[in-house]
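Below you'll find the structure, written out as structure tokens, and then a few comments.
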Number of protein chains: 2
Amino acid sequence: MIESTPVRTGRPDACASAPPPHPRPDGQDRYTISEVSAWTGLTAHTLRWYERIGLMPHVDRSHTGQRRFTNRDLDWLTFVGKLRLTGMPVADMVRYAELVREGEHTFEERQELLESTRRDVRARIAELQDTLAVLDYKIDFYAGARRAPERTT
Amino acid sequence: MIESTPVRTGRPDACASAPPPHPRPDGQDRYTISEVSAWTGLTAHTLRWYERIGLMPHVDRSHTGQRRFTNRDLDWLTFVGKLRLTGMPVADMVRYAELVREGEHTFEERQELLESTRRDVRARIAELQDTLAVLDYKIDFYAGARRAPERTT
DNA sequence: TAGGACCTTGGAGTGCACTCCAAGCAAGCG
DNA sequence: CGCTTGCTTGGAGTGCACTCCAAGGTCCTA
């Protein structure tokens, strides 16, 4: 239902940060909320909130009702973290999560949603590179002005 | 006091969007708030708010107290727009604006602030490129799964 | 000189994404 | 058993960046 996230890029030692290995192998993957909080950097509050708003597939519970997260949940949270970095609103992530819950007949819509996100990400990268050029220019200006303070207008 | 923003990159027809020309030449540059709003895409509310919080150098006024923005103000707003794209908090932009108001003896601190911002921007670009790889992977997955629906696990 | 569009202000309201609280149940240790 | 630490819930609170409002003054064109 949830496809897995790429495990390695083709290049050895690529700049992209390596995908985090799971703390425990499949089969022993029943993490408490605080373990997941430590691993993801999200607070326990946020993890519960994500579940409430439908951003998590239903999380398993212990016999006493406490959450027990799996490696699959960790993968999902890693992916959600990527989407969050793109600036995607939480509501859109919830929409994607709903599509995942609805099964394989939503593949097309999921693909479209991700392609639209990809366009946004590319646009944002371009904007940031533009900004980088401006920052470089201004930093050079300050560096130059400080080297030759008598002629800075 | 405010250094100008680069007018052209070295390459002809560079991908970076060309810096916007001013609507009117220097000397006739006394824009109302709604003109500036239309030009920048910011609402009049936001422009007033920027001034209130100290994110604008003091804006000139007409004899009756209405704001009259200059080409210099437009340049500043363009730069602020770039900083905003980087995700810099408004408080940090206000800090930079204060340094500009304080004069040339703050060149060093301004340069440091921009260099720190540049590091952030570079890091964010790297994150986004990472995310792009994940999106590409998942989009390929969906495309492949839809071409060969009998073998998707 | 009348009308409508535009401008002014301080302060209050909005939407987002968390973030925290109170009260109570659960788990592990000496 | 008692203690500490951790987990549960619904609902309320926070911080940021706007966004809007009411009441009134200004500008321009017919």
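Each chain gets a letter, A, B and so on, in the order its sequence line appears, and its residues count up from 1.
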For A:Trp39 and A:His22, take the angle between the two ring planes, folded into 0 to 90°, and tell me which bin it lands in: parallel under 30, tilted 30 to 60, perpendicular over 60. tilted

Please report the distance, rounded to the nearest Å, between [atom1] in [X] and [atom2] in [N].
X	N	atom1	atom2	answer
B:Leu83	D:dA17	CG	C1'	15 Å
B:Glu51	C:dC7	CD	C1'	13 Å
B:Gln66	D:dG24	CD	P	18 Å
A:Met88	C:dA17	CE	P	11 Å
B:Arg61	C:dT9	CZ	C1'	10 Å
B:Arg52	D:dT19	CZ	P	14 Å
A:Ile53	C:dG15	CD1	C1'	14 Å
A:Leu47	D:dC7	CG	C1'	13 Å

Could you check whether any side-chain heavy atom of B:Thr131 comes within less than 4.5 Å of a side-chain heavy atom of A:Met88, counting everything from C-beta outward? no

Verify the contact: side-chain N or O of A:Arg67 to OP1 or OP2 of D:dT8, cut-off strictly under 4.0 Å; return yes or no. yes

Determine: side-chain N/O of B:Tyr50 to OP1/OP2 of D:dC18, distance under 4.0 Å, yes or no. yes

Any idea which heavy atoms bring B:Val80 and B:Tyr50 closest together, and the distance? CG1-CE2, 4.1 Å

Hey, which sits more toward the 5' end of DNA chain D by its nearest nucleotide, B:Arg68 or B:Gly87? B:Gly87

Comparing B:Pro89 with A:Ser34, nearest DNA chain D nucleotide closer to 5' gives the residue A:Ser34

Set out, in order, the CA-CA distance, both residues' side-chain angles and the distance that settles side chain to side chain contact (heavy atoms under 4.5 Å, CB included) for A:Leu77 and A:Met56, then state yes or no. CA-CA 8 Å; A:Leu77 285 167; A:Met56 288 292 298; 3.5 Å; yes

Which is true for A:Ser62 with a 4.0 Å heavy-atom rule: it touches a base, it touches only sugar-phosphate, or it touches nothing? nothing

Between A:Leu42 and B:Arg48, name the one whose nearest nucleotide on DNA chain C is closer to the 5' end. B:Arg48

Name the closest nucleotide to the [X] side chain, picking from [options].
X	options	value
B:His45	C:dC7, C:dT19, D:dC20	D:dC20
A:His63	C:dA27, C:dC21, D:dT9	C:dA27
A:Thr64	C:dT8, C:dC18, C:dA26	C:dA26

What do the steps show when you test A:Asp73 against A:Thr70 for side chain to side chain donor-acceptor pair (under 3.5 Å), and what is the final call? CA-CA 5 Å; A:Asp73 294 327; A:Thr70 63; 3.2 Å; yes

